[in-house]
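Since the structure is predicted, the reported quantities are computational estimates derived from the model, not experimental observations. Numbers here are sequence positions counted from 1.
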Amino acid sequence: MIVPVAIALTVGLLGWAYQALKPPPPKICGSPGGPPVTSPRVKLSDGRQLAYREFGVPKEEAKHKIIVVHGFDSSRDLSLPIAQELVEEYRIYFLFFDRAGYGESDPYPSRSVKSEAFDIQELADKLQIGSKFYVIGISMGAYPVWGCLKYIPHRLCGASLVVPFVHYWWPCVPANISRESLSTLPVSDQWAFRVAHYAPWLFHWWMTQKFFPSLSVLCGNTSVFSRTDLEMLKKLSEAPSVGQEKKTQQGVHESLYRDILAGYAKWEFDPSDLKNPFPDNEGAVHIWRGCEDKMIPYKLNRYIAEKLPWVHYHEVPGYGHLLFLESHLCEAILKALVLGE
C-alpha cells in the first residue's frame, strides 16, 4: 500500500505545483466572455491589437508629436496635467496607448524591452504620425524608452525618462551600488524583483501566494510614497481618472506581472553602451527624478546619467515618484523636451 499512496501523493503534489505555477488564461478584449472593445485600436503585423488615445491638436497640424508610455498599473487613460493653452500654443499632438496586456491591448507572452520599442514604432507608422516623434516614458514605462534609444533611435526627435524604472542587474552598474540600491526597498519588493529576474517561471506563484508579502505597492503599503506623493494620491482619489479601472481587465498576470518580468529580464544591451542619438544636438534625452522618490533609488539613475554625458539629468527637490502629476513640473518636462528650455 505504501507505493501506491506515495505515487498518488507525488502526482497530486505535481498537479498542485503545475496549477500554482501556471498563469490563468487572459480574458482577451472582444473574445467570447472577454471585456468589450470600446476604444480605437490598430492591428500590428503579428496580429495583435494595440488600443490608443489621441489628445491635443490634430496630428496633421502638429509641430511636435509625442508618444506617452504609461507606467506600471496604468493605461492609455493616464491624464497628464497639461494646460490646453500650452498644447495649442506649441501645437502638440499626444498619442497614449495601452502597452501589451494592459487595458484593451492584446496580451503578448513574449513581451520584452525590444518588443515594446517596436510596438511603439509600428503604432506610429499605423497612425501615420510621421517619420520622427518624441517619446516620454513614465516610471515602468521608461524601459520601453530605453528600448527605443537602442533599437529605433533614428525615429526619435527626443526622449524623456520620467521617474524611470531601474534594473538592479544592469552589468554596467557596480555590484555595490546595485546591492545598496536594492536594499533601500521594502524586503517584499526586493524578493519580488529577485524572483522576476532569477526565476521568472516562479513569479506568478510568488505574486499570488499568501505565505509572504509580495509587491508593496499592490499590498497598499503607503511607506513607499513620499509626503507629496500621498498628497497627490489624496487628490486623485477625490477625482479618479476615467477609464483607469480597465487597466488590468484582461488579467493581472498579463498586465502587471508580465510588465515586471519584461523589465527585469536579461536585456540584449546595457544602457551605458548606448550612443548619443543626437550628436548634432538636434534633439535631447532627459532623465527626471524626484529627490524624495522612495520607489526608485537615486544612485542607479544618477550613475547611468554620469556614464552617458549626453543625457540631461534633473533632480527635483521636495518631490517623489508622482512628480509628473504636478502641473508646473509636467509642463517643465514638456518644454525641456520639445523646446530645449
For a 4.5 angstrom cut-off between non-hydrogen side-chain atoms, does Phe55 reach Val68?
no

Distance check, rounded to the nearest 0.5 Å: Leu149 atom CG versus Leu274 atom CG?
6.0 Å

With rounding to the nearest 0.5 Å, note down the distance linking SG in Cys291 to CZ in Arg289.
6.0 Å

Pairs where residues 291-309 contributes a residue and the test salt bridge (charged side-chain N to carboxylate O under 4.0 Å, His left out) is met, not counting sequence neighbours:
Glu180-Lys299, Arg302-Glu315

Enter the distance from Leu123:CG to Ile120:CD1 here, rounded to the nearest 0.5 Å.
8.0 Å

Which pairs, with at least one residue in residues 139-161 and sequence neighbours excluded, count as a salt bridge (charged side-chain N to carboxylate O under 4.0 Å, His left out)?
Asp125-Arg155

Should Trp310 and Asn281 count as side-chain neighbours, where that means a heavy-atom distance under 4.5 Å?
no

Against the six-membered ring of Tyr108, is Arg48 placed for a cation-pi contact (under 6.0 Å from the centre, within 45° of the normal)?
yes

With under 30° as parallel and over 60° as perpendicular, where do the rings of Tyr257 and Phe203 fit, or are they tilted in between?
perpendicular

Does Lys27 NZ have over 12 foreign heavy atoms under 6.0 Å away?
no

Does Gln128 CD have over 12 foreign heavy atoms under 6.0 Å away?
no

Between Tyr52 and Phe97, is the ring-ring contact (aromatic ring centres under 6.0 Å, His included) condition met? List the steps.
CA-CA 4 Å; Tyr52 67 91; Phe97 73 103; 9.5 Å; no

First locate atom CE of Met232, then atom CZ of Phe324, and finally report the distance between them rounded to the nearest 0.5 Å.
9.0 Å

Ignoring hydrogens, what is the shortest heavy-atom contact between Glu116 and Arg111? Give both atom names and the distance.
OE2-NE, 3.1 Å

Determine, using the 4.5 Å side-chain heavy-atom cutoff (strictly less than), whether Ile333 and Tyr298 are members of one ILVMFWY cluster.
no

Are Phe118 and Leu44 side-chain neighbours, meaning at least one heavy-atom pair lies under 4.5 Å?
no

Quick one about Tyr151 and Glu268 (side-chain donor to acceptor, distance below 3.5 Å, no hydrogens or angles considered), yes or no?
yes

Test item: Glu331 side-chain N/O and His328 main-chain N/O as donor-acceptor pair under 3.5 Å
no

Residue pairs meeting salt bridge (charged side-chain N to carboxylate O under 4.0 Å, His left out), one or both in residues 33-42, sequence neighbours left out, come to Arg41-Asp106

side-chain contact (heavy atoms from CB on, under 4.5 Å) between Lys63 and Val338, worked out
CA-CA 9 Å; Lys63 183 178 180 181; Val338 302; over 6 Å; no

For residues Val37 and Leu127: do they belong to one hydrophobic cluster (side chain heavy atoms under 4.5 Å, members Ile, Leu, Val, Met, Phe, Trp, Tyr)?
no

Measure the shortest side-chain to side-chain distance between Pro24 and His204 over non-hydrogen atoms and say whether it is less than 4.5 angstrom.
yes

Could you report the tightest heavy-atom contact between Ile82 and Cys330, atom names first, then the distance?
CG1-SG, 3.7 Å

Hey, is the main chain of Asp280 close enough, under 3.5 Å, to the side chain of Glu282 for a donor-acceptor pair?
yes

Separation of Thr38 OG1 from Lys246 NZ (nearest 0.5 Å):
3.0 Å

Looking at Asp73 and Lys247, is any side-chain nitrogen of the basic one under 4.0 Å from a carboxylate oxygen of the acidic one?
yes

Once salt bridge (charged side-chain N to carboxylate O under 4.0 Å, His left out) is applied, what residue pairs with a partner in residues 206-228 remain, sequence neighbours excluded?
Arg227-Glu231

Would you indicate whether Lys43, at its atom NZ, is surrounded by more than 12 heavy atoms from other residues, nucleotides or ligands within a distance under 6.0 Å?
no

Tightest non-hydrogen contact, residues Pro297 and Val166, listed as CD-CG2, 4.3 Å

Show the atom names and distances, to 0.1 Å, of all donor-acceptor pairs under 3.5 Å that link a side chain in residues 169-178 to residues at least two apart or in another chain.
unit_1	atom_1	unit_2	atom_2	d
Trp169	NE1	Tyr198	OH	2.9
Ser178	OG	Tyr168	O	3.4

Asp259-Tyr102 side chain donor-acceptor pair, cut-off 3.5 Å:
yes

First locate atom CE of Met295, then atom CG of Asp189, and finally report the distance between them rounded to the nearest 0.5 Å.
8.5 Å

Charged tip of Arg53 within 45° of Phe96 ring normal and under 6.0 Å
yes

Should the pair His167 and Trp267 be assigned to parallel (<30°), tilted (30 to 60°) or perpendicular (>60°) ring geometry?
perpendicular

Please give me the minimum heavy-atom distance between Ser160 and Trp288, naming the atom from each residue.
OG-NE1, 4.2 Å

Is a donor from one side chain sitting under 3.5 angstrom from an acceptor on the other, for Ser139 and His321?
yes

Between Thr248 and Leu256, is there a side-chain heavy-atom distance shorter than 4.5 Å?
yes

Could you tell me which non-hydrogen atom of Ile152 sits nearest to which non-hydrogen atom of Gln121, and how far apart they are?
CG2-OE1, 3.3 Å

Is any side-chain heavy atom of Ile129 less than 4.5 Å from a side-chain heavy atom of Ile67?
yes

Working for side-chain contact (heavy atoms from CB on, under 4.5 Å), residues Lys65 and Leu95
CA-CA 8 Å; Lys65 299 168 185 177; Leu95 177 57; over 6 Å; no

ring-ring contact (aromatic ring centres under 6.0 Å, His included) filter on Phe193, not counting sequence neighbours, yields Tyr264

Does Val224 share a hydrophobic cluster with Leu322, counting links as ILVMFWY side-chain heavy atoms below 4.5 Å and allowing steps through other members?
yes

Decide side-chain contact (heavy atoms from CB on, under 4.5 Å) for Gln249 and Cys29; before the verdict, give the C-alpha distance in whole Å, the side-chain angles of both, and the deciding distance to 0.1 Å.
CA-CA 9 Å; Gln249 64 180 351; Cys29 286; 3.6 Å; yes

With a 4.5 Å limit on heavy-atom distance, are the side chains of Ser45 and Glu122 in contact?
yes

Is any side-chain heavy atom of Val69 less than 4.5 Å from a side-chain heavy atom of Ile136?
no

Ignoring hydrogens and geometry, is there a side-chain-to-backbone donor-acceptor pair from Ser74 to Gly71 under 3.5 Å?
no

Quick check against the 3.5 Å criterion: does Ser105 have a side-chain atom that pairs as donor or acceptor with the backbone of Ala100?
no

Would Ser39 and Arg76 count as a side-chain contact (heavy atoms from CB on, under 4.5 Å) here? Give the steps.
CA-CA 10 Å; Ser39 67; Arg76 72 183 186 282; 3.3 Å; yes

Tightest non-hydrogen contact, residues Glu104 and Asp98, listed as N-OD2, 2.9 Å

